[in-house]
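Notes follow once the structure below has been shown.
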2 protein chains.
Amino acid sequence: MGDRRNQPGTGLHDPVLDKLGLAIASGELPEGHVLNLDGIQERFGVSRTVAREAMRVLESMGLVRSRRRVGITVRPIAEWNVFDPKVIWWRLAGPGRNAQLRTLTEMRVAVEPVAAAAAARAAAPGQRARIVELAAVLRRLGEAGDLAEFMERDVEFHALLLRASGNEMFGALADAVGAVLRGRTQLGLMPHRPVPEALDLHEAVAAAVASGRADDAETAMRALLTEVRQAVIPG
Amino acid sequence: MGDRRNQPGTGLHDPVLDKLGLAIASGELPEGHVLNLDGIQERFGVSRTVAREAMRVLESMGLVRSRRRVGITVRPIAEWNVFDPKVIWWRLAGPGRNAQLRTLTEMRVAVEPVAAAAAARAAAPGQRARIVELAAVLRRLGEAGDLAEFMERDVEFHALLLRASGNEMFGALADAVGAVLRGRTQLGLMPHRPVPEALDLHEAVAAAVASGRADDAETAMRALLTEVRQAVIPG
DNA sequence: TCCGATTCAAAAGTATTACCTTTCAATGGG
DNA sequence: CCCATTGAAAGGTAATACTTTTGAATCGGA
């Protein structure tokens, strides 16, 4: 997620969309708030066309609903496409950051074990090899105490597993999981040094995936996430 | 999902978006295929504005990328926002239906146990009561062999659990899970009559959620899904 | 007077059209 | 082989007309 800055695809990001999306996701424009096209045109100094395009995209994300004679109304979060990468990004960038990290973590806890099992069944040979390699790299970095590099490789490890699962829905979560991993360290929720047990479990997951033992991969991943799981349960 | 009929905003924009989305999701317009605005205008007999709005939305879903001088290119599925309800819907409506049901089922298997645990912690009193009530209704309908009504209540049961989890990401999957449940019966993947074990497990989940036993809820839900799980593993 | 039905005009999005501006892949000459 | 030119296609602005919605004013009967 964090590395979409070059944006070769999305073109020069429509700043209007970004600012409005952020304003809504942050709660600055609360549920029920009504905007209108003229207001958007004026607020951002853009033409009607651009204002409408931004509005349409927000509408397709479920953030607003446009109705004649009424205007553009901000919808409740239950209507949002909360899996849309942009929505996730906006929520992470605002005061809802913490709540977003929590729900995303819970999602991880649910998905990653099953994704690991699927990867054990479906991963391509090159992916299996890379996963094993990454587990070894993680051990080295963990024992050396290189936290920053450890995190980057950890992100790669989890993202690769999700993408190797053969389930494009799991794969679509890879960037979000990366954001969670990075977010956790930023919030100081990570142990100052990876515990040996975690290093063992990364290797266990990798070995199980490499040799196609789906159940073992799932079990090991579940164990790897037990610690994470505590962070989700408010207490 | 299935009930998006109401839309009062019968815009001219939606049909274009829908047809293009379907054409892409169905593979009729394969990855790499290049469209252009003039082509869309002509194909659907709409103005440039409408064509552009539809294109923008498709772009925000990751289905296409618009680049100057090149045109509008269909992107690979790995770039799609596969959690977008519209994308799910389009895939279910086309020849990818089966693959979509498979990945969605796998998603269910991953998410529902954790969602059940979360619901046991977070559900509102009214939701707990309704879940218990639904489990009882399911037993009655199941034993009476009323398959059609059983399915509708089952959809409600699972959707409510997801929404009661307190995790809006889980809640956002409720409609999709409903589509899977309905899709499974349409494909004849369901037992002709709910097995007694399933009825017991629905009640076990409900009881655990009602009394806040998160671990039990998770375990029971996982058991409930074991049968479903077999359908995911090809072979 | 009061109350319900009808009418009407304003508000706001929807859609079309015309016309510039910017980008950048392709091309072709040096 | 490199670099300047060029033209296709998207990006964006502006003016204008249309349609839907809704709330208020109006009107007629009890």
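Every chain is numbered from 1, with letters handed out A, B, ... down the list of sequences.
- The overall bend of the helix from C:dT1-D:dA30 to C:dG30-D:dC1, read as the angle between its terminal helix axes built from five base pairs each, is 0° when rounded to 10 degrees.
- Within the structure, no pair that satisfies the ring pair (Phe, Tyr, Trp, His ring centres under 6.0 Å) test touches residues 18-42 of chain B, not counting sequence neighbours.
- Checked for salt-bridge contact, A:E59 and A:R56 meet the test: a charged N lies under 4.0 Å from a carboxylate O.
- The nearest whole Å value for the distance from the CD atom in B:E53 to the P atom in D:dG12 is 14 Å.
- One finds a salt bridge joining B:D38 and B:R48 here, because a Lys/Arg side-chain nitrogen approaches an Asp/Glu carboxylate oxygen to under 4.0 Å.
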- prompt: For A:E79 and A:R65, what are the C-alpha separation, side-chain angles and deciding distance, and is it a salt bridge (Lys or Arg N to Asp or Glu O under 4.0 Å)?
  reply: CA-CA 10 Å; A:E79 306 292 332; A:R65 151 179 259 173; over 6 Å; no
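- Contact annotation: A:T49 side-chain N/O to D:dA14 OP1/OP2 distance is not under 4.0 Å.
- When the side-chain nitrogen and oxygen atoms of B:R65 are compared with OP1 and OP2 of D:dA10, none of them lie within a distance under 4.0 Å.
- Taking A:V132 as the reference, A:A206, A:A210 meet the side-chain contact (heavy atoms from CB on, under 4.5 Å) condition, with sequence neighbours excluded.
- Taking only distance into account, the side chain of B:R48 never meets the base of C:dA18 through a donor-acceptor pair shorter than 3.5 Å.
- A:E31 is linked by a salt bridge (charged side-chain N to carboxylate O under 4.0 Å, His left out) to nothing, counting only residues two or more places apart in sequence or in another chain.
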message: A:F83 vs A:M107, test: side-chain contact (heavy atoms from CB on, under 4.5 Å). Steps then yes/no.
response: CA-CA 11 Å; A:F83 285 93; A:M107 193 77 210; 3.9 Å; yes
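- At a threshold of 4.0 Å, the pair A:D175-A:R163 counts as salt-bridged, since one of the basic side-chain nitrogens sits closer than that to a carboxylate oxygen.
- Pairs passing the salt bridge (Lys or Arg N to Asp or Glu O under 4.0 Å) check and including a residue from residues 91-100 of chain A, sequence neighbours excluded, read A:R91-B:E168.
- Atoms CD (A:E59) and P (C:dG13) sit 11 Å apart, rounded to a whole Å.
- Note on B:R56: a side-chain N or O is less than 4.0 Å away from OP1 or OP2 of D:dG11.
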Give me the distances for all protein-to-nucleotides 22-26 of chain D N/O pairs that come in under 3.5 Å?
from   : atom 1 : to    : atom 2 : distance (Å)
D:dT22 : OP1    : A:R67 : NH2    : 3.3

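- With sequence neighbours excluded, no residue forms a salt bridge (charged side-chain N to carboxylate O under 4.0 Å, His left out) with B:D146.
- Straight-line distance from the CE atom of A:M55 to the C1' atom of C:dG13: 7 Å, rounded to whole Å.
- Here A:E42 pairs with nothing under the side-chain contact (heavy atoms from CB on, under 4.5 Å) rule; sequence neighbours left out.
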Protein-nucleotides 5-8 of chain C N/O pairs under 3.5 Å:
none

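- Nucleotide C:dT23 holds its P atom 19 Å from the CD1 atom of B:I72, rounded to whole Å.
- A:D154 is linked by a side-chain hydrogen bond (donor to acceptor under 3.5 Å, both in side chains) to A:H158, A:H202, counting only residues two or more places apart in sequence or in another chain.
- Taking B:E156 as the reference, B:R130, B:R153 meet the side-chain hydrogen bond (donor to acceptor under 3.5 Å, both in side chains) condition, with sequence neighbours excluded.
- Residues of residues 28-46 of chain A having a heavy atom closer than 4.0 Å to DNA chain C, listed by number: A:L35, A:N36, A:L37.
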